[in-house]
Amino acid sequence: MNTSYLPSVSKATDVGVLSIHGKNDQFLTSLIHEVRNPLATIKLAVEVLQNSSTDHMQKRYLEMIMKSNERINDIITHALASFHEIYVLKEYPLHQLVEETLNANADRFFLSHVKITKNYTRLASAVLVNKEEIKTALTNIIINAIESLPVSGGELIITTIADDGKCTLVIEDNGAGIEKENLKNIFRAYFTTKPKGVGLGLPVTLSLLASNEVNVRVQSERNVGTRFILSFENRHAKIY
Ligand SMILES: Nc1ncnc2c1ncn2[C@@H]1O[C@H](COP(=O)(O)OP(=O)(O)O)[C@@H](O)[C@H]1O
Ligand SMILES: [Mg+2]
């Protein structure tokens, strides 16, 4: 493919699309923690009142406050646990991330008659990433690939390379390709060449990849196809 492009993260930050993740997570996590403090105070105060009250009705109301307090605490604990589950960095085999993404989009492949070819390295490699973020990024790239394919004969080639302590994932299609002058714009927010496109898939993808220390390069040639080359630069990446 004759044209290659290496985006910089600032391409998308200029329009403020990138900050949607990290900041929100931090905000919500600290909000959840903050709510716990006044709840603990309410509990202590209610306990004091319960011990000093002899009034039957008053005791019942205090019991209701106590139960509701516990309920809010449970909800918060549960929310915090799910946040950590969703947003935490963990080590995953690269092939597992790819397979889960492909499976999640299996219906689309079927409906678009896409042939998928996998060239997986025999070396098992693991990457330390936020799973959901990486799957979202891969899905965006794959959906674009599908959308570029011809009605018949469309192919998606997934290649993994483990080399030099680094894992590389290549997602390639034999679709319409990208005009040379458009290539530098594809990561810009709201850039789209599709009649009903939104132009946010790739800027969000770039942001997600950057926050997981994954570099991306794009090669494309009109009427030949497009290749997204992702290299997992994370120093925790492991090859066995
Ligand atoms: N695999 C691909 N083949 C051809 N063009 C692509 C490919 N991936 C991205 N593009 C180009 O990049 C543009 C931006 O993509 P994206 O940010 O996902 O927005 P959208 O899909 O809504 O247009 C697309 O409109 C298309 O022109
Ligand atoms: Mg898209």
Side-chain angles (χ1 to χ4, degrees), residues 1-22 97-119 130 132-161 168-212 214-232:
M1 286 175 198
N2 57 8
T3 329
S4 177
Y5 180 61
L6 182 73
S8 71
V9 178
S10 62
K11 276 279 174 293
T13 27
D14 10 356
V15 271
V17 179
L18 294 195
S19 49
I20 47 174
H21 258 264
L97 295 176
V98 177
E99 283 298 314
E100 283 187 21
T101 310
L102 292 177
N103 288 338
N105 292 291
D107 289 347
R108 284 214 61 165
F109 297 129
F110 177 73
L111 291 172
S112 328
H113 309 286
V114 182
K115 179 184 170 208
I116 303 176
T117 305
K118 297 173 193 171
N119 299 321
N130 178 311
E132 294 309 318
E133 288 184 350
I134 290 296
K135 281 167 66 179
T136 301
L138 299 185
T139 299
N140 289 343
I141 293 171
I142 288 170
I143 295 293
N144 279 341
I146 297 177
E147 287 172 346
S148 81
L149 294 174
V151 183
S152 72
E155 189 176 2
L156 193 70
I157 306 168
I158 313 272
T159 307
T160 59
I161 305 155
T168 307
L169 170 65
V170 185
I171 300 170
E172 187 174 343
D173 65 66
N174 64 346
I178 303 168
E179 298 281 0
K180 200 175 173 187
E181 61 269 29
N182 285 343
L183 197 56
K184 59 184 184 304
N185 294 321
I186 60 170
F187 289 97
R188 282 191 190 280
Y190 308 113
F191 175 83
T192 181
T193 55
K194 300 169 191 171
K196 287 187 179 167
V198 179
L200 285 179
L202 286 185
V204 168
T205 298
L206 183 60
S207 148
L208 295 175
L209 292 175
S211 65
N212 283 279
V214 182
N215 283 339
V216 56
R217 262 185 311 139
V218 186
Q219 297 172 341
S220 189
E221 193 170 335
R222 197 78 183 116
N223 298 323
V224 174
T226 302
R227 200 181 277 150
F228 276 73
I229 304 163
L230 312 187
S231 58
F232 291 75

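Counting from 1, the numbers follow the sequence of the chain as shown. Order of listing sets the numbers, starting from 1, for every ligand and every atom in it.
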Nearest heavy-atom approach of I186 to F191 is CA-CD2, 3.8 Å
Over all atoms of both residues, closest heavy-atom pair of L206 and P7: CD1-CG, 3.9 Å
I'd like to know if R108 pairs up with E147 as an ion pair, taking the criterion as any Lys NZ or Arg NE/NH1/NH2 lying under 4.0 Å from an Asp or Glu carboxylate oxygen. yes
Tell me which residues fall inside the under-4.0 Å heavy-atom shell around ligand 1. N144, A145, S148, D173, G177, I178, I186, F191, T192, T193, K194, G197, V198, G199, L200, G201, L202, P203, T226, F228
So do N144 and K194 actually touch side chain to side chain, heavy atoms under 4.5 Å? yes
Please tell me if the side chains of L169 and L138 come closer than 4.5 Å, counting only heavy atoms from C-beta onward. yes
The Mg ion (ligand 2) to N140: any N/O/S contact under 2.8 Å? no
Any donor-acceptor pair under 3.5 Å linking the side chain of S220 with the backbone of G225? yes
